[in-house]
**Q** 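So that we are looking at the same thing, I have put the structure below in structure tokens.
Within every chain, numbering begins at 1; the chains are lettered A, B, ... in the order of the sequence lines, protein sequences first and strands thereafter.
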Number of protein chains: 2
Amino acid sequence: MNEILEQTLAALADPNRRRVIELLCDQPYTAGELAREIGLSPAALSRHLRVLKSIGMIAEVPLYSDARLRAYALRPQPMADLKTWVTNNEERWTRQMETLARRATSGS
Amino acid sequence: MNEILEQTLAALADPNRRRVIELLCDQPYTAGELAREIGLSPAALSRHLRVLKSIGMIAEVPLYSDARLRAYALRPQPMADLKTWVTNNEERWTRQMETLARRATSGS
DNA sequence: ATAATATTTAATTATATAGTTAATTATTGC
DNA sequence: GCAATAATTAACTATATAATTAAATATTAT
């Protein structure tokens, strides 16, 4: 499933979606609150939520007080998977540097 | 400089550029080798290199054997910055969970 | 000098994405 | 039932991105 990693990267490349994620890091928000907070039309925000939902970065949380409100909460898995990929990448690069250093000191 | 983070995410959202990065994790490659390895036209690959260069993810390495060849090597800083951002995000989310758990056990 | 090689750039085309406004769906409260 | 509210979806527009082919630049080797 490298597809999810790709979609996670694409999702996070948008500043408004990053804003959504950062807000949801602190607490769940309704769609309307997010739209107001970020300064987007409800329609525009809804489309961003759809993207984030489709890759499992957020999930709806039922709000029993008023079923018109739809709250969203962060799902940490995609971000965790991204972290794993970035970390592996870094480790691989570090190994490369070590190999080059070893070659340099011990002569070709 | 949140701009670089954004451009890093956008750069990595493309599978061919991710492939370039993963190859360069192991060793430097010339533009031609990358094009062959990835299966892209030299022109298409060159444009990807331009993107990666513009955000400092790769740098040209002089090849004294033949100045027609341009080798590229990975610069780890943008990936490291991305890792920092992802890690901070995860920590913030973890704190949120702890807060919610504390509220749940100690009663509102 | 010139043919061949390695790469980049320019011009163009096709596709994807983000935003807008208007319409739609679902729910609340009178 | 019906107006008001919350959110999503549809249709459309504008912009960005990726690929292709052709042309340009720089370097090597004959």
**Q** I need the residues from residues 22-32 of chain A with at least one non-hydrogen atom less than 4.0 Å from DNA chain D; give them sorted by number, or say none.
**A** A:T30, A:A31, A:G32

**Q** Give the rounded distance in Å between these two atoms: CD of A:E6 and C1' of C:dA16.
**A**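 Spelled out: CD on A:E6 to C1' on C:dA16 is 13 Å.
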
**Q** Check the phosphate of D:dA19 against B:S41, side-chain N and O only, distance under 4.0 Å to OP1 or OP2. Yes or no?
**A** no

**Q** Can you tabulate the close N/O pairs, meaning under 3.5 Å, that link protein atoms to atoms of nucleotides 28-30 of chain D?
**A**
residue	atom	partner	partner atom	Å
D:dT28	OP1	B:A67	N	2.9

**Q** With respect to the side chain of B:Y72, which nucleotide from C:dT8, D:dT8, C:dG19 is positioned closest?
**A**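 In terms of side-chain proximity for B:Y72, the closest of C:dT8, D:dT8, C:dG19 is C:dT8.
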
**Q** Using distance alone, with no hydrogens and no angle criterion, decide if B:E98 and B:W93 have a side-chain donor and acceptor under 3.5 Å apart.
**A** no

**Q** Determine the minimum heavy-atom distance between A:L24 and A:L34, stating which atoms define it.
**A** CD2-CD2, 4.3 Å

**Q** For residues A:W85 and B:E22, is any side-chain donor paired with an opposing acceptor at under 3.5 Å?
**A** yes

**Q** So which heavy atom on B:P28 is nearest to which on A:Q96, and how close?
**A**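 For B:P28 and A:Q96, the tightest heavy-atom pair comes out as CD-OE1, 3.8 Å.
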
**Q** Applying a 4.0 Å non-hydrogen cut-off, can you work out what A:A43 is touching in the nucleic acid: base, sugar-phosphate, or nothing?
**A**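 Since a base atom lies under 4.0 Å of A:A43, the category is base.
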
**Q** Please report the distance, rounded to the nearest Å, between CG in A:D14 and P in D:dT15.
**A**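 To the nearest whole Å, that distance equals 17 Å.
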
**Q** Considering every strand and a 4.0 Å limit on heavy-atom distances, what is the contact class for B:R50: base, sugar-phosphate, or nothing?
**A**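 It contacts sugar-phosphate atoms only.
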
**Q** A:K53 NZ to D:dA7 P: how many Å, rounded?
**A**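 Taking atom P of D:dA7 as the reference, NZ of A:K53 is at 11 Å.
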
**Q** Return the minimal non-hydrogen interatomic distance between A:L9 and B:R18, and the atom names on each side.
**A** CD1-CD, 4.0 Å

**Q** At 4.0 Å (heavy atoms only), tell me whether A:R17 reaches a base, stays on the sugar-phosphate, or touches nothing.
**A** sugar-phosphate

**Q** From CZ of B:R47 over to C1' of D:dT20, roughly how many Å is that when rounded to an integer?
**A**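 The distance from CZ of B:R47 to C1' of D:dT20 comes to 11 Å, rounded to the nearest Å.
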
**Q** Judged by each residue's nearest nucleotide on DNA chain D, which is more toward the 5′ side, A:A44 or B:V51?
**A**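 Nearest-nucleotide comparison on DNA chain D picks A:A44.
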
**Q** Rounded off to whole Å, could you give me the CD1-to-C1' distance for the B:I38 and D:dA19 pair?
**A** 14 Å

**Q** In whole Å, I'd like the distance from the CD atom of B:E60 to the C1' atom of C:dA6.
**A**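 The distance from CD of B:E60 to C1' of C:dA6 comes to 12 Å, rounded to the nearest Å.
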
**Q** Atom CG of A:L34 to atom C1' of D:dA6: distance rounded to whole Å?
**A** 13 Å

**Q** Nearest 0.5 angstrom please: B:R47 CZ to B:D14 CG, how far?
**A** 12.5 Å

**Q** Between A:P78 and A:T8, which heavy-atom pair has the shortest distance, and what is it?
**A** CB-OG1, 3.8 Å

**Q** Taking all atoms of both residues into account, what is the closest heavy-atom pair of B:E33 and B:T30, and its distance?
**A** OE1-N, 2.9 Å

**Q** Would you say A:E6 and A:N2 are linked by a side-chain donor-acceptor pair, where the criterion is simply a distance under 3.5 Å?
**A**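 Result is no, nothing qualifies.
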
**Q** Rounded to the nearest Å, what distance is computed from the NE2 atom of residue A:H48 to the P atom of nucleotide D:dT8?
**A**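 About 13 Å, once rounded to whole Å.
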
